[in-house]
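Structure record follows, encoded as structure tokens.
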Amino acid sequence: MGKPDQLLVFTLGDQRCALYLPVVDRVVRAVEISPLPKAPDIVLGVVNVHGEVIPVINVRKRFGLPQRDIALTDQLVITHTVRRPVALVVDTVTGVVECTARELVVAEGILPELEYVQGVAKLKDGLILIYNLEQFLSLEEEDSLDQAMTPL
């Protein structure tokens with residue numbers, strides 16, 4: 001039996017979501033986001049984290065959740081895709097959980113059209129959607145983000 005997967009669990013409104021821990025670099029308090037002209041709609045702007053300029057993805061918009069202003073209590077999950085680091089604005093990070101293969105369901109087995117969902121963790125206290133960070137940005141969004149970030 002393989003070792004359990006570790007998931008970073010966070011909330012968006014009353015929805016519990018997760019990312020596989022290896023793609024997460026750190027979690028920081030929400031800071032001021034600088035606008036990034038010409039960036040795709042899904043990008044709120046950029047933040048400077050320890051001297052690195054990182055684009056901030058509007059996760060609420062990507063998942064069709066109600067929009068709201070960023071609150072001081074929000075957190076930024078600094079993650080990395082194959083192409084670049086990105087920050088996700090989340091309501092709260094609730095912690096890291098371990099899931100065994102028995103507790104994980106691959107997304108295709110439930111709803112194949114769940115675009116950004118990699119799977120679902122079935123835990124004692126409910127379900128958690130596990131997101132696939134690599135699918136957050138379309139190729140067009142990646143390219144326009146590359147162009148918007150070029151002068152930085």
Side-chain angles (χ1 to χ4, degrees), residues 5-97 99 104-122 126-152:
D5 285 309
Q6 291 189 312
L7 302 171
L8 180 81
V9 180
F10 57 91
T11 61
L12 290 168
D14 47 16
Q15 187 174 335
R16 286 195 315 161
C17 312
L19 292 168
Y20 283 104
L21 199 56
V23 301
V24 176
D25 295 330
R26 63 174 85 83
V27 176
V28 297
R29 282 183 323 165
V31 293
E32 189 175 342
I33 297 171
S34 303
L36 182 63
K38 299 188 186 129
D41 283 351
I42 203 68
V43 176
L44 289 168
V46 291
V47 291
N48 181 335
V49 179
H50 302 298
E52 188 175 18
V53 177
I54 300 176
V56 180
I57 307 293
N58 185 344
V59 191
R60 287 175 170 278
K61 184 170 190 169
R62 174 80 331 150
F63 301 154
L65 296 171
Q67 295 297 301
R68 67 167 178 72
D69 289 335
I70 294 173
L72 289 172
T73 54
D74 288 348
Q75 293 177 294
L76 294 176
V77 178
I78 311 298
T79 64
H80 57 273
T81 67
V82 171
R83 288 183 70 165
R84 69 168 48 86
V86 293
L88 310 177
V89 180
V90 303
D91 296 4
T92 53
V93 170
T94 57
V96 174
V97 297
C99 285
L104 294 175
V105 179
V106 181
E108 288 86 46
I110 310 163
L111 288 168
E113 65 275 6
L114 282 179
E115 237 181 314
Y116 311 107
V117 177
Q118 199 165 342
V120 176
K122 298 182 300 185
L127 299 177
I128 299 173
L129 294 178
I130 305 166
Y131 285 100
N132 183 345
L133 200 57
E134 297 300 331
Q135 294 176 344
F136 273 28
L137 295 175
S138 68
L139 287 175
E140 296 81 24
E141 289 167 336
E142 285 278 9
D143 291 342
S144 67
L145 182 56
D146 283 342
Q147 290 168 3
M149 298 271 305
T150 301
L152 300 177

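When reading the values below, keep in mind they use all heavy atoms of this one structure, side chains included, and skip hydrogens, waters and symmetry mates.
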(message) Once rounded to the nearest 0.5 Å, what's the spacing between atom CG of N48 and atom CD of E32?
(response) 11.5 Å

(request) Would you indicate whether the side-chain heavy atoms of V49 and D25 approach each other to under 4.5 Å? (result) no

(message) Counting neighbours of CD on Q67 that are heavy atoms of other residues, nucleotides or ligands and sit closer than 6.0 Å, is the number greater than 12?
(response) yes

(request) Quick one: do L44 and I70 satisfy side-chain contact (heavy atoms from CB on, under 4.5 Å)? Show the steps, please. (result) CA-CA 10 Å; L44 289 168; I70 294 173; 4.1 Å; yes

(message) Which heavy atom of Q118 sits nearest to which heavy atom of Y131, and what is that distance?
(response) OE1-O, 3.6 Å

(request) Ignoring hydrogens and angles, tell me if any N or O in the side chain of D74 forms a donor-acceptor pair with the backbone of A71 under 3.5 Å. (result) yes

(message) Can you give me the closest heavy-atom contact between C17 and L12, atom names plus distance?
(response) SG-CD1, 4.0 Å

(message) To check you understand the geometry: which heavy-atom pair defines the closest contact between V53 and M149, and what is its length?
(response) O-CE, 3.7 Å

(message) Looking at every heavy atom in both V43 and P55, which two are closest together, and how far apart are they?
(response) CG1-CB, 4.3 Å

(request) On the 0 to 90° scale, with breaks at 30° and 60°, tag the F63-F136 ring pair as parallel, tilted or perpendicular. (result) perpendicular

(message) Minimum heavy-atom separation for P22 and Q6, please, with both atom names.
(response) CD-O, 4.4 Å

(message) So does V82 get a backbone contact from the side chain of E134, meaning a donor-acceptor N/O pair under 3.5 Å?
(response) yes

(message) Before you tell me yes or no, could you show the steps for V77 and V59 under side-chain contact (heavy atoms from CB on, under 4.5 Å), namely the whole-Å CA-CA distance, both residues' side-chain angles and the distance that decides it to 0.1 Å?
(response) CA-CA 11 Å; V77 178; V59 191; over 6 Å; no

(request) Report the distance from atom CZ of R26 to atom CG of L8, rounding to the nearest 0.5 Å. (result) 13.5 Å

(request) State the CG-CD distance between L137 and E142, to the nearest 0.5 angstrom. (result) 4.5 Å

Compile the donor-acceptor pairs under 3.5 Å between side chains in residues 85-97 and protein atoms, sequence neighbours left out, one pair per line.
from: D91; atom 1: OD1; to: R60; atom 2: NH2; distance (Å): 2.9
from: D91; atom 1: OD1; to: R68; atom 2: NH2; distance (Å): 2.7
from: D91; atom 1: OD2; to: G13; atom 2: N; distance (Å): 2.6
from: D91; atom 1: OD2; to: R60; atom 2: NH2; distance (Å): 3.0
from: T92; atom 1: OG1; to: T11; atom 2: OG1; distance (Å): 2.8
from: T94; atom 1: OG1; to: V9; atom 2: O; distance (Å): 3.2

(request) To the nearest 0.5 Å, tell me how far T150 OG1 sits from L145 CG. (result) 9.0 Å

(message) So which atom in A121 and which in I130 form the shortest heavy-atom distance, rounded to 0.1 Å?
(response) N-CD1, 3.9 Å

(request) Please round to the nearest 0.5 Å and tell me the distance separating atom CG of L133 and atom CD1 of I57. (result) 8.0 Å

(request) Measure the spacing between OG1 of T79 and CG of L19 and express it to the nearest 0.5 Å. (result) 6.5 Å

